[in-house]
Each structure stands twice: as structure tokens, then as C-alpha cells.
Amino acid sequence: MKKLVIGNWKMNPATLEEAKEIARKTRHVVAGLAHTDVVACPPFVYIPAIASQRDSDLLEIGAQSVSFEEGGPHTGEVSAAMLRDMGVKYVIAGHSEERTKGDTDEIVSKRVNAIVSVGMSAVLCVGENERDEGGVYLEKLKQQIKGSLANIPANKAKNIVLAYEPVWAIGAKEAMPADQIREMALFVRKVFSDVFSADQALKATVLYGGSVNFRNAAEIISVGQVDGLLVGRESVNMPGFTELLKAVDSI
Ligand code: PGA
């Protein structure tokens, strides 16, 4: 199976010109990859310009959020159908930065539902805020995953990409050690299997996110046994992202 690397650009870069340049350079690297699919999630406003650049098929476009409403009086919101119409294939849901702003598991599950019901893939972010000796965080994580997947029809399980992101490792100095990522990826897959089925869990794509860079990316995939990565800062830092993609592709 091909590996999947998703770049979450967050609120970067500052201008459309820079955004187009990052996308163009990323496509240039992707053209030389054999075993890796790459998705860029720029801010909403840049999506149409990036989606219509040359060689657009080399880079799938994702969005960072979406409304769970279908349309109507929702100032400032963007619907799943609008994103699909712009060529978006993936949408992030439940990112910790959105959860901090008020997204509960219930809201996240509504967003996931909106995404998958129009045929896009949801990149569902889950992860503990902190760890404790007694392992309470595992129970909380399980509840978070189950709550975020509430009311998702079983036939949509294939449209869900799971991104395990321990919140304390996001925007941090170092990623989680790869051997721990391996345990946590197994745990996340097991909970997915409880919600859907063992077969769907085996087929599911599980990513790791949190301070991934060109130095640690290959080890996270090979030792951490994940199917790919959700990359923040390094995805808009072109020298680093180029090296990261090459390292992942050569595993
Ligand atoms: P980071 O962000 O790679 O900058 O830590 C990851 C994320 O928030 O998805």
C-alpha cells in the first residue's frame, strides 16, 4: 500500500504567491515519488488557485475544516459540498486546535458525517492531551475516538483516515518516540475495529502527527508502523518537506 503524507498548512503562508510556490514545489517533488501519495491542506482561500495549477493531479487538495451544516444562514462557514466542488478530496476534522476552540466529540462526528456523506475522506484527528501513570488517558482516548465516530454509517468507514496526534507533541520540539507511536497506532486501530469491524480496521489508514520533520519521518513510519504522516510546520518549509517526502518514499 502507498504511504500517505498530508500537509496541514494551518494559517500559512501569508500570500497567495507563496502558497502557489509551495504547491508548485511540492508537485515537483511528488513527480519523482513512487510509493507515496501527498495531500496539501491550504487555507480555504488558496484552494481554487492551487487546485487549478498545472499538474494538479500530482497533489490532492485537502481542507482544514468544514461546517456540518448543508447550507443557509451560517456566516463565515463553508460546506462540504462547496469544498468537493472545488476539487477537495480530504478534510481534517477534530484537530486539537479546533477542539480547543470548542469542538466537542459530537461536533466532530457531525463534521465527519458531513465530509463522508458527500464522498470525501475525513482525516479524523484524535489524541490525548496528557499522559498519566495509571493509563486513564487510554480510556479517554477510546471515548474520544468512539464519540468522534458516533453515527457514521459502517459503509463510510473506508472514507475515514485516522490521524493519531498526541496533543503534547503538536507544535513541540520532538515527536513521540517511534516505539510508543507503534503501540498507540495499534490501540487506535483496535478502537476503530470495535466501532466498525476488524476487517475495516485492518484496511484503515492510520497516520501519526505531531512534530514530524525530515529527520524523524522515516523512523516514525518504519518503527512506528503507521501508514503515513500528518505534517504541520514542516509541510510549508520547502527544503525540509522535500527531504521528508524523499525519506518516506525510500522506505
Ligand atoms: P506540527 O503540527 O507538525 O507543526 O507539530 C502537526 C499538526 O498540528 O497536525
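Every value quoted in this text rests on a predicted model; they were computed, and no experiment measured them. Start at 1 and go down the list; that is how both ligands and their atoms are numbered. Values below: all heavy atoms of this structure, side chains included; hydrogens, waters and symmetry mates excluded.
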### Task
With the side chain counted from C-beta on, respond yes when K89 and R84 share a heavy-atom pair under 4.5 Å apart, and no when they do not.
no
### Message
I'd like to check F214 versus K246 (side-chain heavy atoms, cut-off strictly below 4.5 Å). Are they in contact?
### Response
no
### Task
May I ask you to say whether R215 pairs ionically with E243, meaning some side-chain N is under 4.0 Å from a carboxylate O?
no
### Query
Which ligand 1 atoms, with their elements, are less than 4.0 angstrom from a heavy-atom of H95?
7 (C), 8 (O), 9 (O)
### Message
Using a 4.0 Å cutoff against the non-hydrogen atoms of G171, which atoms of ligand 1 qualify?
### Response
1 (P), 5 (O)
#### Entry: R99, K146, K110, Q144 screened by side chain to side chain donor-acceptor pair (under 3.5 Å) with D105, the one that passes
R99
### Summary
heavy-atom search around atom 2 (O) of ligand 1 in the protein gives K10 NZ, 3.3 Å
### Query
What residue and heavy atom of the protein are closest to atom 4 (O) of ligand 1, and at what distance?
R233 NE, 2.7 Å
### Query
What is the distance from atom CG of N237 to atom CG of N12, rounded to the nearest 0.5 Å?
11.0 Å
### Query
Is it the side chain, the backbone, both or neither of E165 that has a heavy atom closer than 4.0 Å to ligand 1?
side chain
### Nitrogen or oxygen atoms of G232 and ligand 1 under 3.5 Å apart
yes
